**Student:** 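One structure, pasted below without further comment.
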Amino acid sequence: MLSLDFKSGWNYAPATEDTKHIQLKEQYDLFIDGRFEKPEKGKYFSTINPSNEEHLAKVALADTADVNKAVKAARAAYTNVWSKMPAAERGKYLFRIARLMQERARELAVIETMDGGKPIRESRDIDIPLAANHFFYYAGWADKLQYAFPNRKPQPIGVAGQIIPWNFPLLMAAWKIAPALATGNTVVLKPAETTPLTALKLAEIIQESELPHGVVNIITGAGATGAALVNHPDINKIAFTGSTDVGKLIQKSIAGTPKKLTLELGGKAANIIFEDAPIDQAVEGIINGIFFNQGHVCCAGSRLFIQEGVADIVIRKLKDRMETLIVGNPLDKNTDIGAINSKNQLETINKYLKIGKDEGAELFQSSCDIPKKGFFCRPTLFLNASQSHRIVQEEIFGPVLAVQTFRTVEEVIEKANNTPYGLSAGVWTDKGSKIFNLTTKMRAGVVWANTFNKFDPASPFGGYKESGFGREGGLHGLSAYLNME
Ligand code: ADP
């Protein structure tokens, strides 16, 4: 059989993105009431580049007093300005923010990659354009809410507290801010502590857009800052994306209050390959689903189910393709798999690699070199995994794929649904009827057919079971920020 030595055959010259055009300040303060303000207690933390562990900037640590100030500014802006402004005017601000994001797209992409570790190809081609598209999309809805919800009286909720994770920093900020503003709410947003920089850049863009002061406030800090925001009595709605554990904590702490809540939590998506699937495309979809973006995607296709008849060929092609993946400097345009977001996350992934081996699954890793400095992980397969394995049941959030086989449609539906999560799934087959059968039976918020990890501002996204509730994106994303009669 012909076997290509991809490793020695496919060498690329480095193609590193320039960083000279970006502007990073040494220190970032809190964005409250349209201004950058020092935190009350004067505390800061460092945000680093996970691909080389170099310090990038000092970022303010907000405590309860700062959260109070931000919520107060958001409330005043809601009552005095934003809720009174004609909807078409609100839309104009969103369009302006979207255009400014496009103008600064290259700078935003480079900063996203430096602060979070994702390959520049991803931040340049996916994260930043999609983030701008969310503002464009929701800008269009601002003055059409009565058409979105005919015969209802859609009203804004008030002040929204929004907490986001580190895997899609700017995109998540856009997912949260754009629909909230389009529907007439004001916000206090807290980015993740390891990736605050693009949200702070967005704050600069918001200043430039002359959005009325206090409509968007961006405060930085870790879990305690998030908890202070969640527990603030003058918040009307919490929108959270992050881990299932923290989601449960938030749910508990706001129980009994009138605060509204949407949660987008973890996932353990099944990617299902049938014998009649286009195998080469499916292999590419599997790679895209779990390895690109370092598996740092809550909807990552981290469980692979292959129908027995094609298991050998799919696994062989998968291993071959894994050998071609380039792990390394995220700023290099050739890089497929960048840096793991933090030392903590790398430790979690390594812990699961050990658990998988101890449980008896067979480990395969590509043989590529990885940089000595920074946080990196080779793309990894676990073969012969079984339903009861922790690597099959628990979210790893890294480039680690657990592989199982199946014989019948009924069997794979049962196995795929046998998880506490239900965020997304993928199905690869030539038969439309099989796709429809599966999509109706999968307990997952999004099911991709013959593709994976595709996003669009117009389509709703969200989970079942421990993956959370509420939908973001599309028309559904509007209703999460509205009271309706
Ligand atoms: P991950 O494991 O993906 O880092 P987390 O759920 O810990 O996910 O973090 C997601 C976001 O939630 C981050 O912005 C983080 O600072 C914030 N966060 C962490 N703990 C809490 C908490 N107890 N209350 C509110 N927000 C929190």
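Counting convention: from 1, in listed order, for ligands and their atoms alike. What you see is a predicted model, and the numbers here were worked out from it, not measured in a lab.
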**Student:** Answer yes or no: is there an ion pair linking E122 with K118, defined by an N-O contact shorter than 4.0 Å?
**Tutor:** no
**Student:** Enumerate the residue pairs fulfilling ring-ring contact (aromatic ring centres under 6.0 Å, His included) with a member in residues 170-221, sequence neighbours excluded, ordered by first and then second residue.
**Tutor:** H134-W175, W175-F461
**Student:** Residue-level breakdown please: for A222 versus ligand 1, do any non-hydrogen atoms fall below 4.0 Å on the side chain, on the backbone, on both, or on neither?
**Tutor:** backbone
**Student:** Quick one: does ligand 1 sit under 4.0 Å from the side chain of F397, the backbone, both or neither, non-hydrogen atoms only?
**Tutor:** neither
**Student:** Should you measure from each heavy atom of P191, which atoms of ligand 1 turn up under 4.0 Å away?
**Tutor:** 14 (O)
**Student:** Going by the order shown, which atoms of ligand 1 are within less than 4.0 Å of some heavy atom of I163?
**Tutor:** 11 (C), 12 (O), 14 (O), 17 (C), 25 (C), 26 (N)
**Student:** Quick check against the 3.5 Å criterion: does N236 have a side-chain atom that pairs as donor or acceptor with the backbone of V159?
**Tutor:** yes
**Student:** Considering all protein heavy atoms, does one lie under 4.0 Å from atom 20 (N) of ligand 1?
**Tutor:** yes
**Student:** Quick one: which ligand 1 atoms are inside 4.0 Å of a heavy atom on A192?
**Tutor:** 14 (O)
**Student:** Which of the atoms in ligand 1, numbered in the order shown and given with their element, are less than 4.0 Å from a heavy-atom of F240?
**Tutor:** 6 (O), 11 (C), 12 (O)
**Student:** List every atom of ligand 1 that sits less than 4.0 Å from any heavy atom of E193, numbering the atoms from 1 in the order shown and giving each element.
**Tutor:** 13 (C), 15 (C), 16 (O)
**Student:** For atom 26 (N) of ligand 1, tell me which residue out of G221, P196, G226 has the closest non-hydrogen atom.
**Tutor:** G226
**Student:** Suppose we measure from atom 3 (O) of ligand 1 to each protein heavy atom; which comes out shortest, and what is that distance?
**Tutor:** W166 NE1, 3.7 Å
**Student:** Give yes or no for whether the N/O distance cutoff of 3.5 Å, strictly under, is met between K190 and ligand 1.
**Tutor:** yes
**Student:** So that I can tick it off, tell me whether R321 and E284 are bridged by a salt bridge, with the cut-off set at under 4.0 angstrom between side-chain N and carboxylate O.
**Tutor:** yes
**Student:** Using heavy atoms and a threshold below 4.0 Å, how should the contact between I164 and ligand 1 be classified: side chain, backbone, both, or neither?
**Tutor:** backbone
**Student:** For S243, counting its heavy atoms only, list the atoms of ligand 1 lying under 4.0 Å from any of them.
**Tutor:** 2 (O), 5 (P), 6 (O), 7 (O), 8 (O)
**Student:** Could you check whether any side-chain N or O of E264 sits under 3.5 Å from a backbone N or O of F240, counting only pairs where one atom can act as donor and the other as acceptor?
**Tutor:** no
**Student:** Among all protein heavy atoms, pick the one closest to atom 18 (N) of ligand 1 and tell me residue, atom and distance.
**Tutor:** G223 CA, 3.8 Å
**Student:** Does the ring center of Y78 lie less than 6.0 Å from the ring center of W82?
**Tutor:** no
**Student:** Rounded to the nearest 0.5 Å, what's the gap from CD1 on I205 to CG on L211? Could you check?
**Tutor:** 12.5 Å
**Student:** Among K38, E40, E37, find the one that has a side chain to side chain contact (heavy atoms under 4.5 Å, CB included) with D66.
**Tutor:** E40
**Student:** Which residue holds the protein heavy atom closest to atom 27 (C) of ligand 1, what is that atom called, and what is the gap in Å?
**Tutor:** V246 CG1, 3.6 Å
**Student:** List ligand 1 atoms under 4.0 Å from A227, heavy atoms only on the residue side.
**Tutor:** 24 (N), 25 (C)
**Student:** Only heavy atoms count here, so choose which of L265, L229, L249 is nearest to atom 23 (N) of ligand 1.
**Tutor:** L249
**Student:** If we only consider heavy atoms of A224, is any one of them less than 4.0 Å away from an atom in ligand 1?
**Tutor:** no
**Student:** Would K58 and F45 count as a cation-pi pair here, with the cationic atom under 6.0 angstrom from the ring centre and within 45° of the axis?
**Tutor:** no
**Student:** Between T244 (side chain) and E466 (backbone), is there a donor-acceptor pair under 3.5 Å?
**Tutor:** yes
**Student:** Measure from NZ or CZ of K268 to the centre of the six-membered ring of Y421 and say whether it is under 6.0 Å with the direction within 45° of the ring axis.
**Tutor:** no
